[in-house]
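Report on the structure given below.
These values consider heavy atoms only, across backbone and side chains, with no hydrogens, waters or symmetry-generated copies. Each chain gets a letter, A, B and so on, in the order its sequence line appears, and its residues count up from 1. The structure presented is a predicted model; accordingly, all values stated were derived computationally and were not measured.
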2 protein chains.
Amino acid sequence: MRDNELCEIRRLPLFRAMASENFTALTRAAYDQTFPAQVRLIEEGAAADFLHIVVEGSVELFAGWQGRETTMQVVRPVSTFILAACMKDAPYLMSARTLEKTRVVLVPSVDLRAIFRIDPEFALATISELSACYRSVVKHTKELKLRTARERLAAYILRQAKLDNNGPSFILPMEKRVLASLIGVTPESLSRAMKSLQDVGTKVDGQRIIITDHKALEAVACPTPLMDDPEQHEQGLRP
Amino acid sequence: MRDNELCEIRRLPLFRAMASENFTALTRAAYDQTFPAQVRLIEEGAAADFLHIVVEGSVELFAGWQGRETTMQVVRPVSTFILAACMKDAPYLMSARTLEKTRVVLVPSVDLRAIFRIDPEFALATISELSACYRSVVKHTKELKLRTARERLAAYILRQAKLDNNGPSFILPMEKRVLASLIGVTPESLSRAMKSLQDVGTKVDGQRIIITDHKALEAVACPTPLMDDPEQHEQGLRP
DNA sequence: CGAACCCTTGACAGAAATCAACTAAGGTGG
DNA sequence: CCACCTTAGTTGATTTCTGTCAAGGGTTCG
């Protein structure tokens, strides 16, 4: 594994405080790999053998049932995913696939579980990370149950703009059909929702979203920290 | 606090393995209280001062936004709730109210955070508990996005019957309007969904649900461990 | 150049919310 | 003990929203 990545991983909240020798032990057993787009990394129901860390690219977490499929989360660098399954040694609840060319570091979950038993700092960091993950899903669920499709889209746009330095425009970080599934609608419905937001301060030009009237958009989304503020782990660490 | 409750709390996975003196320290600072029905225990957005443990009765976790409201979870004895907010010292994402006369034990979250720093066993148990909480919400979210209202109701009925010794009938453990909100529909829609399930092996008599054709109901719900199996913490500890 | 694939648009169907009325059950106070 | 009131639940009529199906434009990639 390249030193470069090791440093970035080490900087993650999850690994920042642990003892050096334990970090070394963890990453010695780990390996990193680069995948092309649309590669399945994880199949839901399988045993949780590896903690995954996205170093470059992006990964879609999704779930299926009876021929239906839905996007649960999109993970960007540098972040981990499926920590909970690893910690409980339980089957993955979600599948994962790369959305683009993606570099992933895989840490064997047996090593993880061994090390959080001997490194209190790592155990504390794990608690913090899991709490953040939990709170993220709760926010996602609240949004699904409390906001309409149009409101969810408006809120997403405001969140994404904020992450992108709060500029007046940004490029969607995923395909629209993935975004549609993430916010819980069909691509057709997303398309119509986008259109309907053009009356309230939004312009769409391909993958670019332009906010022309921030106040008007906020009037639709009514953002609140209890649904819209990202948990610390969510945006990942930018290089 | 009564010895009786102390024992039950001590038996919880979260507290089972920790050192005795730490458990004593935790519970010395704690106090227990009994509330009538419909009392607000927690307001979303408030600081997470106490870990709550339901000892008797039941508590509804719910969230609101813009005048709308939705039930996120119903907690029954003996279980904890809002652990994640306590661990991160972050604002509660959900409100809580008693559904009936309920006895709750309150553990100051400062003490919690102090003790998981010095008691590795407690830290490990916390990791396990948080992972289970995370996985529960993921399952709830998957269900909302992948199943229709009718399918969610069918799945709920099968899960609840299983918890109730897999008998041919059971009593709904909450009011129907609360169940409706939990599965993400209006009370009117729940009522119609119940009716529509009468064609596929279900009978309803007030609060009692009778399963007359388990196979037929399963054909609607298509239960899968990845959505329908409870995480260990969910059903609580029965006395 | 053709073949996918993504996105959009339109027409339609289906699901669920809303609004309103009515029943039934439980609790309160006379 | 009964009349009254409140509230949960049901049912029907209607509207709104979202999904489905089908078609067409535009892009990318082999």
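- Rounding to whole angstrom units, CZ of residue B:Arg177 and C1' of D:dT6 are separated by 13 Å.
- Distances shorter than 4.0 Å separate some side-chain N or O of B:Lys195 from OP1 or OP2 on D:dT11.
- Using the six-membered ring where Trp is involved, B:Tyr31 and B:Phe50 have ring planes that are perpendicular, over 60° apart on the 30 and 60° scheme.
- Contact annotation: B:Gln207 side-chain N/O to D:dG9 OP1/OP2 distance is under 4.0 Å.
- Summarising the geometry, the separation between CG on A:Leu179 and C1' on C:dC7 is reported as 13 Å, rounded to the nearest angstrom.
- Seen from the ring of A:Phe62, A:Arg97 counts as a face-on cation partner, given the 6.0 Å and 45° thresholds.
- As a whole-Å value, the separation of B:Met174 CE from D:dT7 P is 22 Å.
- With salt bridges taken as basic N to acidic carboxylate O contacts below 4.0 Å, one links B:Asp228 and B:Arg147.
- Contact annotation: A:Lys176 side-chain N/O to C:dC6 OP1/OP2 distance is not under 4.0 Å.
- Between the side chain of A:Ser79 and the backbone N or O of A:Pro77 there is no donor-acceptor pair closer than 3.5 Å.
- Straight-line distance from the CD atom of A:Gln198 to the C1' atom of C:dT8: 12 Å, rounded to whole Å.
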**Report entry** Pair A:Val204-A:Gln198, side-chain contact (heavy atoms from CB on, under 4.5 Å): steps then yes or no
**Finding:** CA-CA 8 Å; A:Val204 184; A:Gln198 292 181 1; 4.3 Å; yes

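- What separates CG of B:Asp205 from C1' of C:dA25 is a distance of 13 Å, to the nearest Å.
- Checking each of B:Val75, B:Val74, B:Leu41 against B:Val54 for a side-chain contact (heavy atoms from CB on, under 4.5 Å) leaves exactly one that passes, namely B:Val75.
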Requested in this report: Using a 4.0 Å cut-off on protein heavy atoms (strictly under), produce a 5'-to-3' string for nucleotides 13-30 of chain D with B for base contact, S for backbone-only sugar-phosphate contact, and - for none.
Outcome: B----SBBB---------

